[in-house]
Number of protein chains: 2
Amino acid sequence: MGRKVTVGDVAASAGVSRATAARVLAGHTTVNPDMAKRVIKASEGLGYSANVVARALRTQRTDTVGMVVPSISNPYFVGAVEALEGVLAASGRALILCDSRDSADTEAARIEVLLNRMVDGLIVIPVSAEDSVAALRTAATQCRVVQFDRLSQGAGTDFVGSDNFAGVRQCVAHLRDRGCVRIAYVGAAPTTSTATERLRAFEGSTGGHPDGRVLLGEFTAAWGTEAALTLLREGRMPDGIVCGADVIAVSLLAALRAAGVEVPTDVKVVSYDNSGLGLLTAPRLTSVDQPLAAMAEETVRLLDAGLDAAAPPRKSIFAPKLIVRESTGG
Amino acid sequence: MGRKVTVGDVAASAGVSRATAARVLAGHTTVNPDMAKRVIKASEGLGYSANVVARALRTQRTDTVGMVVPSISNPYFVGAVEALEGVLAASGRALILCDSRDSADTEAARIEVLLNRMVDGLIVIPVSAEDSVAALRTAATQCRVVQFDRLSQGAGTDFVGSDNFAGVRQCVAHLRDRGCVRIAYVGAAPTTSTATERLRAFEGSTGGHPDGRVLLGEFTAAWGTEAALTLLREGRMPDGIVCGADVIAVSLLAALRAAGVEVPTDVKVVSYDNSGLGLLTAPRLTSVDQPLAAMAEETVRLLDAGLDAAAPPRKSIFAPKLIVRESTGG
DNA sequence: CTGAAAGCGCTAACAT
DNA sequence: ATGTTAGCGCTTTCAG
């Protein structure tokens with residue numbers, strides 16, 4: 001376990017003071033070029049690289065952003081993580097990722113851990129519209145916080161998400177366009193803003209058609225399977241199904257096909273998230289895409305823009321777009 | 001942005017010295033119960049929680065383990081992350097996760113970042129059997145390193161993985177048992193130990209049958225699709241296919257079905273990883289399971305067991321087990 | 001332009 | 001048993 005080389009080592013090797021070495025390493029131009037050269041050389045020779053922990057303690061900045069997501073096995077969240085990680089890396093920052101396991105308690109604990117690590121900012125996809133508020137509020141007093149994808153009202157943080165009403169409206173319109181008249185919704189119970197908005201949007205879009213069956217569970221594959229079995233058991237299969245997320249749709253699709261229901265012939269399926277998952281199925285999923293890259297950029301922009309406590313939290317809402325594939329007839 | 005409360009604040013509020021407050025907070029018993037009580041109360045009243053960064057700088061321990069995986073969108077790796085995160089959390093440690101994007105350069109950079117953060121240990125699923133060695137070697141001089149799943153020979157670190165030969169042998173035996181005689185292998189090019197071993201195992205198991213078609217690409221869904229199209233184009237469809245990973249198998253399955261090839265009737269498919277992905281397909285995938293929970297436990301055990309530099313690196317190899325599902329006839 | 005010195009928040013000798 | 005003090009490695013005044 002060889003000790004890391006420190007500025008002291010570099011300074012000594014270059015025959016200058018620690019301060020000068022530090023200045024050169026920090027890119028300050030107010031240094032004698034000769035000395036600068038000596039320091040650079042010594043630094044490279046010794047393979048110096050700064051101890052981030054010590055620097056953080058001194059500067060109160062870690063160049064690190066924390067992120068908490070409900071489940072790392074949901075590919076939509078993984079996509080969000082990748083997008084954000086990319087944007088942050090571009091400005092030399094790292095992302096520390098935590099999984100809240102869909103539990104508000106775990107979420108609060110993770111947020112605490114990250115704050116103790118002095119992250120410069122926090123990006124949270126909250127577990128619950130209500131239960132996440134407290135932890136978010138206190139976090140917001142310590143560092144910049146942005147909620148992503150899901151909004152917990154009253155947490156007093158900025159928010160970046162997409163227009164779920166517009167997304168679901170596109171789904172329903174598309175199914176109607178393809179001739180569907182009995183459309184069902186298989187989504188998650190309204191404990192998060194996305195689940196709530198998508199549900200409301202579905203109800204709004206099909207208000208005149210009380211035929212629309214609504215099945216509410218969780219954002220999990222298991223629920224997709226269960227919902228499919230329920231529909232099969234009920235016998236009266238809809239001719240169109242809107243799913244609240246790809247994780248639901250994919251397993252629902254598999255269960256329907258296993259039962260001999262043909263997609264898109266017998267029933268057309270449209271989903272939400274446009275994750276890689278929807279490309280692995282046969283047929284591939286028609287799904288609502290959210291502009292993750294742009295959303296990630298905006299999230300980091302908000303993190304960087306110091307919010308003065310008085311200003312009201314900002315909301316950036318992006319427009320989603322339906323990507324049509326074979327599950328609705330291509 | 002309220003400042004965090006420090007030991008100093010707690011000490012002042014309790015009317016004791018910083019040292020005493022620190023002792024109480026650290027659970028030392030050598031303190032006057034009255035004072036202890038006062039400190040605890042002050043601590044709770046002020047909502048104190050220790051600054052991990054400052055502590056780390058002093059103790060040279062962060063209670064944090066770094067992990068670098070080739071791609072966070074491969075569900076097998078996600079499963080490994082979840083298992084390790086669970087074991088570490090049980091002993092009060094956190095996991096910092098980095099994605100090397102399947103690039104040895106990125107991997108080296110991530111390892112550097114983590115070392116600068118003074119992680120207590122490093123768990124790496126190396127990108128390449130050869131190109132990862134250098135970064136791993138230097139990392140191993142700074143902290144405890146364990147390679148997981150894939151082994152880069154000569155890095156001088158401990159290793160935890162599973163017996164790929166045994167796994168593939170089970171696959172081939174199972175297909176034969178189900179009556180397959182023309183078995184193909186769709187895997188990854190041998191740039192990693194797992195790809196190499198699985199390929200060799202396949203060649204070894206089917207040595208007497210030069211019929212066995214071998215297609216090598218990457219551990220990606222895109223490759224699975226491409227391989228399926230190649231097999232379809234060649235016309236002479238095998239009656240059994242061994243896939244090197246679920247990500248490959250799932251998209252291969254979708255492409256075959258889309259082309260009207262029935263699984264398992266026309267061709268039986270067996271895969272590797274037993275990730276959640278294989279449960280989402282219709283039919284569900286027969287796949288080789290690796291005991292991730294036990295492997296994670298062992299990994300942390302090795303991290304904790306200080307290796308003296310002289311001792312040879314240790315290897316823990318776990319036995320995989322084929323889980324039979326519908327893609328081979330149930 | 002350079003160096004000496006202080007200090008981020010914490011813990012562990014050392015001294016009382 | 002408690003307090004005082006030094007110092008982890010770094011940056012950044014403040015003198016010179």
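The shown structure was predicted, so the numbers you read here are calculated from the model rather than taken from an experiment. Side chains included, hydrogens not; waters and symmetry mates left out as well; all remaining heavy atoms used. Letters A, B, ... are given to chains in the order of the sequence lines, protein chains preceding strands, and every chain is numbered from 1.
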> In terms of the nearest nucleotide of DNA chain C, which residue is placed more toward the 5' end: B:Val53 or B:Ala19?
B:Val53
> How close or far is atom P of D:dT2 from atom CE of B:Met35, stated in whole angstroms?
5 Å
> Please give, in whole Å, the distance from D:dG7 C1' to A:Arg18 CZ?
11 Å
> Do NZ/NE/NH1/NH2 and the carboxylate oxygens of A:Arg110 and A:Glu107 come within less than 4.0 Å?
no
> Can you see if the side chain of B:Thr20 gets near the phosphate of D:dT2 - specifically, an N or O under 4.0 Å from OP1 or OP2?
no
> Between A:Gln290 and A:Phe318, is there a donor-acceptor pair closer than 3.5 Å when you use the side chain of the first and the backbone of the second?
no
> Take the protein atom CG of A:Asn116 and the nucleotide atom C1' of C:dC8, then report the distance between them rounded to whole Å.
16 Å
> Tell me which nucleotide among D:dG7, D:dC10, D:dT11 gets nearest to the side chain of A:Tyr48.
D:dC10
> Please report, rounded to the nearest Å, how far the C1' atom of D:dG9 is from the CD atom of A:Gln60.
14 Å
> Just by distance, no angles: are the side chains of A:Lys4 and A:Ser49 close enough, under 3.5 Å, to form a donor-acceptor pair?
yes
> So, applying side-chain contact (heavy atoms from CB on, under 4.5 Å) with B:Ser132, which one of B:Thr192, B:Val68, B:Val127 is it?
B:Val127
> Measure from the side-chain heavy atoms of A:Arg58 and tell me the nearest of D:dT12, C:dG3, D:dT4.
D:dT12
> Classify the side chain of A:Arg23 and the base of C:dG3 as holding, or not holding, a donor-acceptor pair under 3.5 Å.
yes
> Compare the minimum distances between each of C:dC1, C:dG9, D:dT11 and the side chain of B:Leu57, then state the nucleotide with the smallest one.
C:dG9
> Starting at CZ of A:Arg117 and ending at P of C:dC10, how long is that distance when rounded to a whole Å?
15 Å
> Enumerate, atom names and distances included, each donor-acceptor pair closer than 3.5 Å involving a side-chain atom of residues 92-105 of chain B, sequence neighbours excluded.
{"residue": "B:Arg93", "atom": "NE", "partner": "B:Ser91", "partner atom": "OG", "Å": "3.2"}
{"residue": "B:Arg93", "atom": "NH1", "partner": "B:Asp304", "partner atom": "OD1", "Å": "2.8"}
{"residue": "B:Arg93", "atom": "NH2", "partner": "B:Ser91", "partner atom": "OG", "Å": "3.0"}
{"residue": "B:Arg93", "atom": "NH2", "partner": "B:Asp304", "partner atom": "OD2", "Å": "3.1"}
{"residue": "B:Asp99", "atom": "OD1", "partner": "B:Arg101", "partner atom": "N", "Å": "2.7"}
{"residue": "B:Asp99", "atom": "OD2", "partner": "B:Ile72", "partner atom": "N", "Å": "2.9"}
{"residue": "B:Ser100", "atom": "OG", "partner": "B:Val69", "partner atom": "O", "Å": "3.1"}
{"residue": "B:Arg101", "atom": "NH2", "partner": "A:Glu85", "partner atom": "OE1", "Å": "3.0"}
{"residue": "B:Ser103", "atom": "OG", "partner": "B:Asp105", "partner atom": "N", "Å": "3.2"}
{"residue": "B:Ser103", "atom": "OG", "partner": "B:Thr106", "partner atom": "N", "Å": "3.0"}
{"residue": "B:Ser103", "atom": "OG", "partner": "B:Thr106", "partner atom": "OG1", "Å": "3.0"}

> Quick one: B:Arg61 CZ to C:dG9 C1', roughly how many Å, whole number?
17 Å
> Verify the contact: side-chain N or O of B:Asn51 to OP1 or OP2 of C:dC8, cut-off strictly under 4.0 Å; return yes or no.
no
> With a 4.0 Å cutoff (strictly under), does any side-chain N or O of A:Thr30 reach OP1 or OP2 of C:dC1?
no
> Rounded to the nearest angstrom, tell me the gap between atom NE2 in B:His28 and atom P in C:dT11.
9 Å
> Does C:dG9 have OP1 or OP2 under 4.0 Å away from a side-chain N or O of B:Arg55?
no
> Roughly how many Å is it from CE in B:Met118 to P in C:dG9, rounded to a whole number?
17 Å
> Could you pick out which residue, A:Leu25 or B:Thr59, lies toward the 5' side of DNA chain D when each is mapped onto its nearest nucleotide?
B:Thr59
